[in-house]
Number of protein chains: 2
Amino acid sequence: MQDREKQFIQTLKRGNATYGVGDDGVVLGDYVIATDAFFEGIHFKREWGSLEILIEKCFLVNLSDIYAMNAIPKYLLLTLCVPKDIKDVKYLAKIFSAMALKYGLKIIGGDTIVGEKLHFSLTLLGQKGKKGLYRCGIKPNDYLAYLNPKSILNHSKKQVFGKNVLHLKRALLFGIYPKDSRFAMPLLYPKMILALNVIARAGMDISDGIFIELSRLAKINKIGFTFLLKKSNWFYSPEEYQMLYAFSPYKLSKAKRLANQYRHQLVVFARAKRGSYKLVKKNWHR
Amino acid sequence: MQDREKQFIQTLKRGNATYGVGDDGVVLGDYVIATDAFFEGIHFKREWGSLEILIEKCFLVNLSDIYAMNAIPKYLLLTLCVPKDIKDVKYLAKIFSAMALKYGLKIIGGDTIVGEKLHFSLTLLGQKGKKGLYRCGIKPNDYLAYLNPKSILNHSKKQVFGKNVLHLKRALLFGIYPKDSRFAMPLLYPKMILALNVIARAGMDISDGIFIELSRLAKINKIGFTFLLKKSNWFYSPEEYQMLYAFSPYKLSKAKRLANQYRHQLVVFARAKRGSYKLVKKNWHR
């Protein structure tokens, strides 16, 4: 998150005008709500390729926020600015329809305008599971973990994480990126996430890099961390769209078995302890 | 609504990806949800004046959608693009905080980005009243009516309605408009609206002009209209932000008395009949 965005949100909070801001989404009655905005020139360039891939990525980013709070995505509010140079609005509408159908969503409202650039924001409403999953609730000695898809591990010896933000930067500057980059199409494993959510103590979507998310968890839970693995460079890296979990020591082996069933490795990299955690600043965000 | 927007929504509907699209907002559980997007250069220019007035207008436009479905506005999702040239984001945040507090809203989420222009969309969630108010349910012989604030009637002999869209057009082209124009600050009477909602058969917010809204009501309710007053030019005019009601003949005098208590005149201008209604095309929208 950039400094100006942070400033904006902090001022809102100080103004006593916010409620529940902090998790990936907010719980309201039986629903979890999460909003993400995608602006041409900031998050993507249309020259990169097909509108389908672009729009599907945005759906996946937003869907992962809903799953990260243990909810099933159900409804979508779509706010869209159609650029004047896109003559075939029907084609654009068909892509959004197809994505909604593919991910089990009904579009229930929004707003459509005609403007200069392709901007849209997705507000997803998900049906809350019996157990909510939040960022709070982590206790000293809990284990912190992320997930590695085995398919990718077996496939290549290349570093799995940390490349996405570089790919995004290169794409924004030069218009090129590796077609298999996960920044263009994040991997999402809803069934595994929903299964792990039930036994996790806390969880969140990694949007801004593990280190930044850890500093958020430390603040909310008033804890520090002992690192069990060598800190990797990708811990600084946003654009990874991964779950970050905390498990109680009693649930860890069950969690590992579960991940295994879904052909993933649960990578335990830190343990919570009493204390605090100070982020060494290194902001990758543009 | 412009043709391209209409095309987009119709294609979405045909794609079987929508649910409940048609009213001012959508009902989900105990909540009514309504979204409105406001883009610099399309809906407003920053040169017009203070950000406070600009942002308050946008709140009023969105609030009126929630009241129009007989719900009490409670929560706000705010998606905001802060332009790079606005250095004082705290000031901007304070305006949004102040508006949220003024209108009894808690900001529960959204997304903030930094970009070129000031764009924002407001998604309001309102607590549903016991009785919902929809666009359907109108029966032949029901009366159609809008409201005239008496304060304005007494104040001047000038035409009360129909000027807003002209003011908006002039403001977009030349940057000037009368400071008392209701396009800059729509009037909103929540208490009166909530009282009338309970006895109305159907109701909606007039966004795109009475004639266009009548054609929507005709289609949904499979009715036509007999006009009781001379058709006024402002019936074509969007940007009025007024309630359009249908009352059963048995409730009409009660509705008139109620409006009177709130210093308004209930202007009954048409009566529903069996049949259909064909809109004579005259699109004012830009």
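Letters A, B, ... mirror the listed sequences (proteins, then strands); counts begin at 1. Please read all numbers here as calculations on a predicted model, not as lab measurements.
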Novice: Please flag which part of B:Asp36 lies under 4.5 Å from any non-hydrogen atom of chain A: side chain, backbone, both or neither.
Specialist: both

Novice: Please report the shortest heavy-atom distance between A:Val82 and B:Arg4, naming the atom on each side.
Specialist: CG1-NH2, 3.7 Å

Novice: If you look at every heavy atom in B:Ile42 and A:Val114, which pair is closest and at what distance?
Specialist: CD1-O, 3.2 Å

Novice: Only pairs of heavy atoms separated by less than 4.5 Å count here; which of A:Ser121, A:Gly115, A:Ala98 has the most with chain B?
Specialist: A:Ser121

Novice: Between chain B and each of A:Gly29, A:Gly110, A:Ser97, A:Gly109, count heavy-atom pairs under 4.5 Å; write down the option with the most.
Specialist: A:Ser97

Novice: Return the minimal non-hydrogen interatomic distance between A:Phe39 and B:Cys81, and the atom names on each side.
Specialist: CE2-CB, 3.7 Å

Novice: How long is the span from the OG1 atom in B:Thr79 to the NE2 atom in A:His119, to the nearest 0.5 Å?
Specialist: 12.5 Å

Novice: Heavy-atom pairs under 4.5 Å with chain B: which of A:Ile108, A:Thr18, A:Val26, A:Val89 has the most?
Specialist: A:Ile108

Novice: What distance do A:Asp111 atom CG and B:His43 atom NE2 have between them, rounded to the nearest 0.5 Å?
Specialist: 6.0 Å

Novice: Taking B:Asn16, B:Leu78, B:Leu125, B:Leu28 one by one, which has the highest count of heavy-atom pairs under 4.5 Å against chain A?
Specialist: B:Leu28

Novice: Would you find more than 12 non-hydrogen atoms of other residues, nucleotides or ligands less than 6.0 Å from B:Tyr134 atom OH?
Specialist: yes

Novice: Atom NZ of residue position A:Lys131 - does it have more than 12 heavy atoms of other residues, nucleotides or ligands inside 6.0 Å?
Specialist: yes

Novice: Restricting to non-hydrogen atoms, name the atom on B:Lys94 and the atom on A:Thr11 that form the minimum distance, rounded to 0.1 Å.
Specialist: CG-CG2, 3.8 Å

Novice: So which part of B:Tyr31 gets closer than 4.5 Å to some heavy atom of chain A, the side chain, the backbone, both or neither?
Specialist: side chain

Novice: Check whether B:Lys90 reaches the backbone of A:Leu12 with its side chain - one donor and one acceptor, N or O, closer than 3.5 Å.
Specialist: no

Novice: Looking at B:Ala100, B:Ala37, B:Ala34, which one has more heavy-atom pairs under 4.5 Å with chain A than the rest?
Specialist: B:Ala37

Novice: Which atom pair, heavy atoms only, marks the closest approach of A:Thr123 to B:Thr123?
Specialist: OG1-OG1, 4.5 Å

